[in-house]
Amino acid sequence: MADKVVLGGTPVDLVDPEAALDVILDRAAVPGDRPLAVASVNLDHLHHFGTGGRWAGTLHADPASTADWLYLLDGAPLVAQSRRLTRRHWPRLAGSDLAAPLLARAEDRGLRVGFLGGSDESHRLLTAKIAREHPRLRVAGMWSPCREDLASAEESKRIAGSIASSGAQILFVGLGKPRQELWMDRYAGLTGAGVLLGFGAAVDFLAGRVSRAPQWVSDHGLEWGFRLALEPRRLAGRYLVDGPPAYLKLRTRSCTLPPTLPEHPAGGVPADRTPGRFTGPEGLADVAVVIVTYNSSRDINGLLASLRVETRDLTLRVLVADNSSSDGTLGLVRRRHPDAIAFSTGGNLGYSAGINAAMQRAGDAATVLVLNPDLRVEEGSLKTLQLRLQASQAGAVVPRLLDPSGALSPTLRREPSITRAVGDALLGRRAGNRPAWLATSDFDAESYAHPHPVQWSTGAALMVRRAVADALPWDESYFLYSEEVDFFRRLRMLGETVWYEPAATMTHVGGGSGAAPELNALLAVNSVRYIRKYHSAAYAAAFHGAVVLSEALRCWKADRKGVLWTVLNEHLWAGLPGPTTGAHVDDFPHGAVIIPAHNESQVIARTLEPLAPLAAAGVIDVFVVCNGCVDDTAEIARGFDGVTVLEIEQASKSAALNAGDAAATVWPRLYLDADIQITPTAVRDVLASLAPGGLLAARPAVRFDLEEAHPLIHAYYGTRLRLPSARSGLWSAGAYGLSERGHERFPEFPNVIADDLFVDRLFSPSEKAVLDVEPVVVRPPRTPGAQLAVLNRVYRGNAQQNSREKRHGTALGTLKEVAQSIRGPISAVNAAVYVGFAVAGRRGAAPAGGWERDESSRLPAARHDSHDGSASGRPITRVPGTGIPATGVPVRGAGPLHSSPPSSAPVG
């Protein structure tokens, strides 16, 4: 080609009509390695493919592209602009003008011609016209697919295969912009045609269904007005709404270029592959994979397993930054995936801080991939992302995300603005096809069908060039939400682009941020903080008003309770969820934690996770006493630095408690069931309350996790939580502490079922307390049958203790508390369920041959979809003190064999 220019951000080849016809016909007769795709560049093309357009830069930067491109000058404004740039007149080459001479010359050369697009009626008229005017033209076929077929990769491949079978050498593609160009770029190589012509309405013009403008109208650049008059409803948006911005683009974003586009630089030499394994901290890796976890034990194994498949194509260095999980996430990763670099960040520091901490250990890697722990990577996706990153010369690339059902997750976003905030406030997810300036989220299905530049996407998955990742540490001030908006904005400020690659697919299998009011408040507030960072005070105030409007319209929803008040009162912002570090060593009281464990391999790591760092630092002594274990509980516990493991043959909780007491040398002591989830803060507060001169016995508050429990279980605990005795005794938490003076009340633990009830009855109300501290998490039985089995044990334990003390039961007192708990119809039903369980449990409390161990709460929990909207879409860390269920925590656990469960208590 003699010349090439860039008009409005898209390339254009400047040729005369004869040269264009020769190139097209020669490539059709003698196709090269790749077919030639021809596009007419007009203002509509600039709207879609020019600077700032949704598909800007896509046609030359797709590693899956199967075509070479020839861009023809179309439209009077573009002709004028090319003349200004080159000081030479170039003719307009509209597809509708070239179609007729192309058919005539194809007829002379005996080339086979096909037509893709247009209606069945247009095909019928075109067939008749060709028969009259070009009787010797070899028509390979006509195809009229629907939009759904064109959006489907499988259907598009089928259509391309049908075209290939027909032997078409020239294929007219009239699908409309941008669909026809995107389809040709991806599937041209499968059609077998030497040339594909994206000539839009050329089929309708050839068939005579649409009239051409008179020649004098075209000569004066007014053909757009003629067509608008003929089809005002279809073309008004194109010419009157999209046209003016495209023209402005043409006048401000045009320049000359050398005749050929520069080649993309080649990638670096990949490291030696280690299929099935992750590379260690030394040497060059193709990708450093960064994963931030918090209570992600349910999900992380699946993600790492899917990443292992990717090691067939790439060398991966996997870094797991754990934000002080309390469910055994870190221990699980270290045991099952020792080749991953897993470490603790030292607290719940937030998503950004976790990423930054992992980047300090990333070593030598060409790219960085940030992933949520609740993703599954489809095979080949990481290689596809890497190819896109290289081909597009982008700073970052994001994949297509699916939900567990396989449906598309709309993850693409636009830069926040006042108008978009107002549109989102008024319409939410409704009217997804509204103008882009009124919506932050992109819900257009076509946006997710083809690769193209985007402004930003949810931060669940993104691959970044290493130089960009090093230059842009994540802003840790956000803790959660808006950190990825900020990251992508700063990336664009460096002149880098962000690309979306649908051929790389990942599934978002569960977890999610949830929909708690505290998190929704943080989401709203951080969106305002982000705007304040980059805009004027006046602009930020208007944006803040739009956020207030959004919350005012939704304040009646349960998950928005108090959000509007928080957004309006900035003094409350400091109290929103934020970074928390582990308990400070300096003010941590020295003490011992004794954990009896009988075959607790499923849950022991979760219990030890928050305690092990304190034990390793010498702050507390932690003893795990394996009583008659036949599984790998002891081996798992030994994997935690600082934890002392004792093994006894007798499968008795009392014997385990006494063995722990014999080994411990410090006071006070916390006795903890092996399936109880406790935080360092709760341990500190319990031990501190038992200091000399303080309480003799204490336990922390308790939170019952009833996720996935049967409705009858919810009803039972609905009443139980109202009983004063259940809130004041040392039993029911699976955790209690004793001071040295308190333990002097008894020489050793007796062989009883309900050890917590035994201890509770040794102390007067003034000597013991239930502390209002961060609660331990107890997982009661999930099914009525399992609950009855536990109650049978509870009542036997109560009867045993009453017999030892020669005292009567508490049935009448409990019944009175149940009656006083009734406040309305719902609480009355709950009370009836509670009494029914109590009666049935008492009847089954006769001595049994075995131990009724609850297994229902040890089953893996079902997954939950993530909170959508403007949120990041990643599983969030449960913020201490909010009561928000932790993401990724398996619903498991009950008391160890021959121990009283947390739910053991006098219940009547």
Side-chain angles (χ1 to χ4, degrees), residues 52-56 58 351-352 370-372 375 385 394-403 407-464 472 474-475 478 480-493 496-502 504 506 508 512-513 519-520 522-531 533-535 543 546-547 550 866-874 876:
R54 179 185 295 170
W55 311 109
T58 55
Y351 196 65
S352 293
V370 178
L371 295 178
N372 268 14
L375 292 174
L385 289 175
V397 59
V398 296
R400 180 172 62 125
L401 295 187
L402 306 177
D403 66 21
L408 177 73
S409 292
T411 57
L412 303 183
R413 303 286 189 264
R414 305 180 182 98
E415 179 66 16
S417 68
I418 294 173
T419 59
R420 287 173 179 147
V422 172
D424 292 341
L426 297 177
L427 299 172
R429 296 173 64 92
R430 296 183 296 276
N433 60 344
R434 62 185 184 265
W437 54 274
L438 279 176
T440 302
S441 297
D442 187 348
F443 296 109
D444 191 334
E446 198 165 51
S447 295
Y448 296 87
H450 305 280
H452 62 99
V454 298
Q455 292 185 325
W456 66 281
S457 177
T458 56
L462 64 149
M463 181 177 282
V464 189
L472 295 175
W474 289 60
D475 189 337
Y478 292 107
L480 181 74
Y481 301 129
S482 293
E483 71 274 82
E484 74 270 58
V485 197
D486 181 89
F487 178 82
F488 283 120
R489 182 186 181 110
R490 289 185 290 123
L491 183 148
R492 299 195 308 272
M493 290 169 65
E496 302 288 347
T497 57
V498 182
W499 274 69
Y500 166 71
E501 176 50 75
M506 301 181 190
H508 195 201
S513 304
L519 297 185
N520 281 326
L522 183 62
L523 170 63
V525 166
N526 274 359
S527 68
V528 176
R529 289 169 171 163
Y530 169 79
I531 292 297
K533 180 176 179 179
Y534 294 105
H535 293 274
F543 185 90
V547 174
S550 177
S866 64
H867 177 59
D868 198 20
S870 300
S872 63
R874 65 179 113 344
I876 161 101

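FYI, side chains are in, hydrogens and waters are out, and symmetry mates aren't considered; it's all heavy atoms of this structure. For reference, positions follow the sequence shown, starting with 1.
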Closest non-hydrogen atoms of Ala504 and Pro399, given as atom of the first, atom of the second and distance, are O-CB, 3.2 Å

dist Asn433:CG -> Asp442:CG (nearest 0.5 Å) comes out at 11.0 Å

Between His452 and His450, the two heavy atoms sitting closest are CD2-O, 3.0 Å

In terms of heavy-atom contacts, Leu385 and Val397 come closest through O-CG1, 3.6 Å

Query raised in the report: Do side-chain atoms of Arg400 reach the backbone of Leu408 as a donor and acceptor pair under 3.5 angstrom?
Result: no

Q | Minimum side-chain heavy-atom gap Phe487-Ser352 below 4.5 Å | A | no

Tightest non-hydrogen contact, residues Met506 and Ala461, listed as SD-CB, 3.8 Å

Start with the C-alpha gap between Leu438 and Leu427, add the side-chain angles, then the distance that decides, and say whether side-chain contact (heavy atoms from CB on, under 4.5 Å) holds. CA-CA 9 Å; Leu438 279 176; Leu427 299 172; 5.7 Å; no

Treating Ser482 as the side-chain partner and Val485 as the backbone partner, does any N or O pair qualify as donor plus acceptor under 3.5 Å? no

Just so I know, are the side chains of Tyr534 and Pro416 near enough to count as touching, which here means a heavy-atom distance under 4.5 Å? no

Checking Arg420, Gln455, Arg489 against Glu415 for side-chain hydrogen bond (donor to acceptor under 3.5 Å, both in side chains), the one that qualifies is Arg489

Output for pair (Ser441 OG, Leu412 CG), nearest 0.5 Å, gives 9.0 Å

Trp456 (side chain) donor-acceptor with Arg414 (main chain) under 3.5 angstrom: yes

What one should report as the nearest heavy-atom pair of Ala546 and Ala425 is O-CB, 3.9 Å

For the residue pair Tyr448 and Tyr500, is the inter-centroid distance of their aromatic rings smaller than 6.0 Å? yes

Flag side-chain contact, heavy atom, 4.5 Å: Met463 against Glu501
no

Determine, stepwise, if the pair Leu426 / Arg434 fulfils side-chain contact (heavy atoms from CB on, under 4.5 Å). CA-CA 12 Å; Leu426 297 177; Arg434 62 185 184 265; over 6 Å; no

(message) Run the side-chain contact (heavy atoms from CB on, under 4.5 Å) test on Thr411 and His508 for me, step by step, so that the C-alpha distance in whole Å, both residues' side-chain angles and the decisive distance to 0.1 Å come before the verdict.
(response) CA-CA 11 Å; Thr411 57; His508 195 201; over 6 Å; no

In Trp474, Phe488, Tyr530, the residue satisfying side-chain contact (heavy atoms from CB on, under 4.5 Å) with Glu483 is Trp474

**Message:** Does either side chain, that of Asn520 or that of Tyr481, offer a donor lying less than 3.5 Å from an acceptor on the other one?
**Reply:** no

- Message: Are the side chains of Leu491 and Val498 in contact, using a 4.5 Å heavy-atom criterion?
- Response: yes

For the side chain of Arg529 and the backbone of Tyr478, is there at least one donor-acceptor N/O pair under 3.5 Å apart? no

For residues His535 and Phe543, determine if any side-chain heavy atom of one lies less than 4.5 Å from a side-chain heavy atom of the other. no

Of all heavy-atom pairs linking Leu375 and Leu371, the shortest is CD1-CD2, 3.9 Å

For this session: Given salt bridge (Lys or Arg N to Asp or Glu O under 4.0 Å), test Arg490 with Asp486 step by step and report yes or no.
Result: CA-CA 6 Å; Arg490 289 185 290 123; Asp486 181 89; 2.7 Å; yes

Next item on the list: Could you tell me whether Glu484 and Arg413 have a side-chain N and a carboxylate O separated by less than 4.0 Å?
Entry: no

